[in-house]
Amino acid sequence: MTLSHSEAGENERAKNQTLSKRHLDNTTAAPSIEDDRQTKDDQQRVIPAADSAEERRSLELPLFSSDAECREGVIALTSSGEEKGEGKLPSSCNSHESLVVPPSGKDKGYAWVVVSAVFLVNLLVAGYVKSFGILYILILESFPGASGAAAGWILGLLVGCRGLLAAVMGAFTVMVGPRACVIIGSLTVTAGLLAAVPAVSIVHIAFTLGALVGVGLCMSETPGFLAVTDYFQDKRALANGFRAAGNPLGGVLFSPLVVALHQYFGLQGALILMAGIMLHMAILGALMRPFQIHQNLVQAEFWKDQARQNTPGLRVSSSQQIKPSDQKREKKKPLNFRMLKNPSYLIYLLMVMCVNIAMPNALLYTPTYGKSIGLSAYENSVIASYTSACDFVMRLLCGWTSSLKLYEAHHGLIAGLLVGGIGCLLTPLCNNMWQLLGAATSLSFCMAFFWTLINTLLADEFGGDAMASTWGFFRMTQGICSFLYPSLIGLVLDATGGLTIPYLMMGSALVLGAGVFSLRPLIARISGPKKELNPQSSSSLRGEPAA
């Protein structure tokens with residue numbers, strides 16, 4: 001059947017109108033962008049328009065009326081949404097031309113300057129703490145009339161303040177920024193060392209070298225954990241390995257330094273010179289630019305480059321408008337006490353309560369055990385130096401292998417605890433220096449994997465925005481254990497008259513900690529999803545059943 005000329009003309013006009021409508025829809029639909037986390041560089045990316053009505057309906061994005069507003073909106077989005085891995089723009093820029101996405105400041109460039117500054121801060125903080133045993137002996141020689149209980153307050157206040165105040169310092173870092181927190185901490189440490197120079201009593205020493213320096217060390221150390229989490233996403237494990245390597249290296253360098261300073265300048269001269277050394281943390285802290293400021297600078301420079309290259313602007317419809325100031329950006333909470341109700345997070349706290357009975361004490365008693373089997377002071381010093389050097393190398397190795405995704409981070413942590421537990425259990429069987437070096441190697445492996453991976457696991461599972469709370473409560477729990485466990489081990493040592501039972505206790509505690517942590521996926525499945533849980537956690541929960 002043939003159509004009349006009028007009917008054919010009407011059909012042709014309807015067909016043309018349909019095609020025109022489709023073309024209009026395709027050229028004005030807001031594009032949807034998913035952040036490509038696997039991209040090795042942040043060059044300009046071109047995003048095509050949506051091809052279907054279903055895609056267009058999924059893009060509930062407001063429109064900007066000018067190129068400047070669109071660009072500022074993109075900056076606001078990538079600065080606030082980058083942390084959780086969200087790549088969608090907070091606004092849509094509609095154009096038949098291409099859409100340019102500004103780069104991220106993570107995982108490259110200045111991020112490595114920040115992690116280098118954190119590495120050196122950790123070197124100074126851990127170096128002071130690990131060499132304090134030598135300084136403690138020199139202090140007791142200067143105050144021979146001090147009782148053992150009074151002298152014990154020096155070490156107790158130093159270690160306790162460093163751990164117990166971690167949650168408070170994490171909240172303080174969120175409020176004032178990592179730069180200001182490290183600078184204030186450096187000045188506090190310097191003031192504590194200088195105030196101890198004219199000390200005439202052991203109580204004065206306990207307040208200055210113990211409490212005041214402990215507060216300053218906590219204030220200087222805590223921002224580094226948060227800064228590395230902010231500046232790194234894909235290479236977070238590698239960055240944390242480099243950051244954590246500063247601790248054992250500080251132990252290697254500071255002990256002979258303290259001995260040399262005391263030999264040439266005496267105790268008071270050594271304290272003054274150490275105050276000058278620790279003041280360098282203020283310079284390192286000044287390099288820790290807050291990530292939000294760094295991100296804005298990176299993207300501002302990007303738009304300047306685009307302007308110099310005469311990049312075509314983004315043409316948008318004025319039918320829907322929104323200004324960047326209308327967007328609400330999520331702020332980090334200084335402290336989130338709801339984390340303490342999360343069963344998955346409580347597994348971390350229970351694990352560290354088990355681990356902490358062995359982690360700082362196993363190596364502390366190694367020289368004592370070496371002396372009991374007839375090792376000389378030189379042989380014990382060789383074991384101590386070897387342990388610190390081995391710990392340094394293994395932390396770098398752990399960060400590198402974890403960044404290559406050769407194993408899951410939670411599997412690496414469990415393996416580290418098991419190897420350390422076996423090393424503690426075998427220590428009472430050692431009869432010479434070489435056997436004790438093997439046990440010390442196992443303990444170094446445990447410490448390296450624990451301190452390298454724990455920060456990455458917390459950030460991946462609970463989100464980078466919650467690090468001030470998750471890391472703060474974690475360190476606070478560790479600080480409480482640091483007060484209690486040494487006395488417990490001392491009581492067992494006095495009751496048994498040897499180190500066999502204490503080492504068996506420490507080895508069993510590490511194995512128990514690995515068993516507790518392996519229950520984490522089951523606890524997460526039973527308890528159900530939590531608001532604090534990061535839905536896009538990467539390495540910590542990859543391959544595990546969804547909660």
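Values reported hereafter were calculated over all heavy atoms of this structure, with side chains retained and with hydrogens, waters and symmetry mates removed. Note that the coordinates shown come from a computational prediction; the quantities given were computed from them, not determined experimentally.
- Between Tyr231 and His294, the ring-plane angle classifies as tilted under the 30° and 60° cut-offs.
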Practice item. Check step by step if ring-ring contact (aromatic ring centres under 6.0 Å, His included) holds for Phe450 and Phe517. Key: CA-CA 12 Å; Phe450 181 83; Phe517 194 69; 9.0 Å; no

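- A centroid separation of less than 6.0 Å is found between the aromatic rings of Trp112 and Phe232.
- Just one of Asp107, Asp460, Thr229, Asn455 meets the side-chain hydrogen bond (donor to acceptor under 3.5 Å, both in side chains) condition when paired with Arg236; it is Asp460.
- Here the straight-line distance linking atom CD of Glu408 with atom CG of Leu413 works out to 13.0 Å at 0.5 Å rounding.
- Open room surrounds NE2 on His280; 12 or fewer heavy atoms of other groups in view lie less than 6.0 Å from it.
- Looking at residues two or more places apart in sequence or on another chain, you find a side-chain hydrogen bond (donor to acceptor under 3.5 Å, both in side chains) between Tyr503 and Thr366.
- For the pair Asp391 and Ser444, the tightest heavy-atom approach, listed with the atom from each and the gap, is OD1-O, 3.8 Å.
- For Gly513 against Met351, the heavy-atom pair with the smallest separation is O-CG, 3.6 Å.
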Point to revise | Residue pair Tyr407, Thr401: steps toward the side chain to side chain donor-acceptor pair (under 3.5 Å) verdict | key: CA-CA 8 Å; Tyr407 52 85; Thr401 55; 2.8 Å; yes

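- Applying the side chain to side chain contact (heavy atoms under 4.5 Å, CB included) test to Ala126 and every residue at least two apart in sequence or in another chain returns Asn247.
- Between the side chain of Tyr369 and the main chain of Thr427, a donor-acceptor pair closer than 3.5 Å is present.
- In this structure, Trp471 and Phe474 have parallel ring planes: the angle between them is below the 30° cut-off, well short of the 60° mark.
- Looking only at distances, no side-chain donor or acceptor of Ser186 sits under 3.5 Å from a matching main-chain atom of Val182.
- Put simply, CG on Leu426 and CG on Leu504 are 10.0 Å apart, with the number rounded to the nearest 0.5 Å.
- Ring geometry, Phe119 versus Phe392: the interplanar angle falls from 30° to 60°, so the pair is classed tilted.
- Sequence neighbours left out, not one pair with a member in residues 168-179 passes side-chain hydrogen bond (donor to acceptor under 3.5 Å, both in side chains).
- Applying the side-chain contact (heavy atoms from CB on, under 4.5 Å) test between Cys446 and each of Leu417, Val419, Thr441 identifies Leu417 as the sole match.
- With values rounded to the nearest 0.5 angstrom, Leu217 atom CG is found 6.0 Å from Leu158 atom CG.
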